[in-house]
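To start, the structure itself, in structure tokens.
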Amino acid sequence: MPNHSESQMKEVEDKLRELMGIIGAILSKAESDSDFSSKLNDIPLNILENNSTKGGVSVRRPRSRQSQFNSVDYLGKNGEDKLREELDSKTNTELCQILKAESSHRKPKEIKSLDRDRLISEIISNALRILNKGSAFLQVKESDDTSSDSGSDVEE
């Protein structure tokens, strides 16, 4: 076994941390973008097969994301009816995973006890709420438009 200097080991550890940061950013993007996520699923990611590398540097495996479906993204692109159809094609287990992943206010045991129709309706209502969040700030009030026209006619 070759003897590595301390500076070489530090350099390897730094590169490994940098790579893990990149992987974390990729996983974060995959959570929020279903198209990106589906492209990632096509790539074999066997580079993290081992739990550790030589030299004692531990590699943390990212948690596997069982639910790659993003209902908010899907709703924004396809509308509520298509989202309902897509959710209807999924199993109850997949629906539970989607609801858990999308920060439901319910506890996991509560989610498992919900019937299929309730799971679908909660996923849709959560997606609608998130998609419309902040829309009140984007709406132009009619009174604001007319008040700017009815100002004083003082000319300089």
Side-chain angles (χ1 to χ4, degrees), residues 12-151:
V12 168
E13 288 174 359
D14 290 343
K15 289 292 182 188
L16 186 57
R17 280 190 204 95
E18 187 178 323
L19 287 172
M20 292 308 293
I22 292 169
I23 291 170
I26 291 169
L27 291 175
S28 177
K29 173 73 173 169
E31 286 178 342
S32 64
D33 185 346
S34 60
D35 291 338
F36 182 77
S37 175
S38 64
K39 288 177 185 173
L40 275 182
N41 286 335
D42 296 339
I43 301 171
L45 294 177
N46 57 3
I47 59 172
L48 295 177
E49 285 291 320
N50 300 325
N51 283 340
S52 64
T53 62
K54 293 180 182 177
V57 179
S58 292
V59 177
R60 289 185 303 162
R61 280 189 180 181
R63 277 189 337 177
S64 64
R65 304 284 184 211
Q66 293 178 347
S67 173
Q68 297 294 329
F69 184 77
N70 184 332
S71 64
V72 178
D73 187 39
Y74 196 92
L75 175 65
K77 290 178 181 175
N78 302 298
E80 187 175 344
D81 292 335
K82 293 283 187 185
L83 174 59
R84 188 173 299 280
E85 288 175 22
E86 180 66 25
L87 292 174
D88 207 29
S89 71
K90 299 197 176 293
T91 66
N92 283 2
T93 303
E94 290 172 319
L95 293 172
C96 288
Q97 290 171 351
I98 291 168
L99 195 55
K100 282 183 211 174
E102 295 184 355
S103 302
S104 173
H105 63 281
R106 294 183 179 272
K107 295 179 182 175
K109 285 185 180 180
E110 288 180 85
I111 291 172
K112 287 181 182 178
S113 68
L114 295 175
D115 66 4
R116 181 176 186 78
D117 292 333
R118 184 71 181 171
L119 285 168
I120 291 173
S121 68
E122 285 212 14
I123 292 169
I124 291 172
S125 65
N126 284 345
L128 284 168
R129 180 181 46 79
I130 292 168
L131 190 63
N132 294 325
K133 201 176 232 182
S135 63
F137 295 107
L138 299 175
Q139 295 174 354
V140 177
K141 296 179 183 174
E142 288 182 29
S143 62
D144 289 347
D145 289 343
T146 57
S147 64
S148 62
D149 293 339
S150 63

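As a basis for the values below, the full set of heavy atoms in this structure was taken, side chains included, without hydrogen atoms, waters or symmetry mates. Numbering starts at 1 and runs along the sequence shown.
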Could you give the distance from [atom1] ([X]) to [atom2] ([Y]), rounded to the nearest 0.5 Å?
{"X": "Q97", "Y": "T93", "atom1": "CD", "atom2": "OG1", "answer": "6.5 Å"}
{"X": "N78", "Y": "S71", "atom1": "CG", "atom2": "OG", "answer": "12.0 Å"}
{"X": "L131", "Y": "N126", "atom1": "CG", "atom2": "CG", "answer": "12.0 Å"}
{"X": "K90", "Y": "L95", "atom1": "NZ", "atom2": "CG", "answer": "8.0 Å"}
{"X": "L75", "Y": "K82", "atom1": "CG", "atom2": "NZ", "answer": "13.5 Å"}
{"X": "R129", "Y": "E102", "atom1": "CZ", "atom2": "CD", "answer": "10.0 Å"}

Inset, instruction - List in chain and number order the residues that pass side-chain hydrogen bond (donor to acceptor under 3.5 Å, both in side chains) with T91, two or more places apart in sequence or in another chain; answer none if no residue qualifies. - result: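 Expected list: E94.
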Legend entry - Partners passing side-chain hydrogen bond (donor to acceptor under 3.5 Å, both in side chains) against R118 (at least two apart in sequence or in another chain):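 With neighbours one apart ignored, the set is E122.
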Inset, instruction - Identify the heavy atoms of R84 and I120 that sit nearest to each other, and give their distance. - result: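 Distance-wise, the nearest heavy atoms are NH1-CG2, 3.8 Å.
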Inset, instruction - Kindly give the heavy-atom pair with the smallest separation between L83 and A127, and that separation in Å. - result: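 L83 and A127 have their closest heavy atoms at CD2-CB, 4.3 Å.
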Inset, instruction - Look only at the side chain of E80 and the backbone of I124, and say whether a donor-acceptor pair between them is shorter than 3.5 Å. - result: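 A pair under 3.5 Å: no.
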Inset, instruction - Could you tell me whether a side-chain N or O of R17 sits under 3.5 Å from a main-chain N or O of V12, the two making a donor and an acceptor? - result: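 No, R17 side chain to V12 backbone: no donor-acceptor pair under 3.5 Å.
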Inset, instruction - Could you go through the side chain to side chain contact (heavy atoms under 4.5 Å, CB included) check for I98 and L87 one step at a time? - result: CA-CA 10 Å; I98 291 168; L87 292 174; 4.1 Å; yes
Inset, instruction - I would like to know whether L119 and C96 meet side chain to side chain contact (heavy atoms under 4.5 Å, CB included); could you show each step before the answer? - result: CA-CA 7 Å; L119 285 168; C96 288; 3.9 Å; yes
Inset, instruction - Using a 4.5 Å cut-off on heavy atoms from C-beta on, say whether the side chain of L99 contacts that of L114. - result: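 They are in contact (side-chain heavy atoms under 4.5 Å apart), so the answer is yes.
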Inset, instruction - Apply side chain to side chain contact (heavy atoms under 4.5 Å, CB included) to M20 and K15, showing your working. - result: CA-CA 9 Å; M20 292 308 293; K15 289 292 182 188; over 6 Å; no
Inset, instruction - Assess whether side chain to side chain contact (heavy atoms under 4.5 Å, CB included) is satisfied between F69 and E86, documenting all intermediate values. - result: CA-CA 10 Å; F69 184 77; E86 180 66 25; 3.5 Å; yes
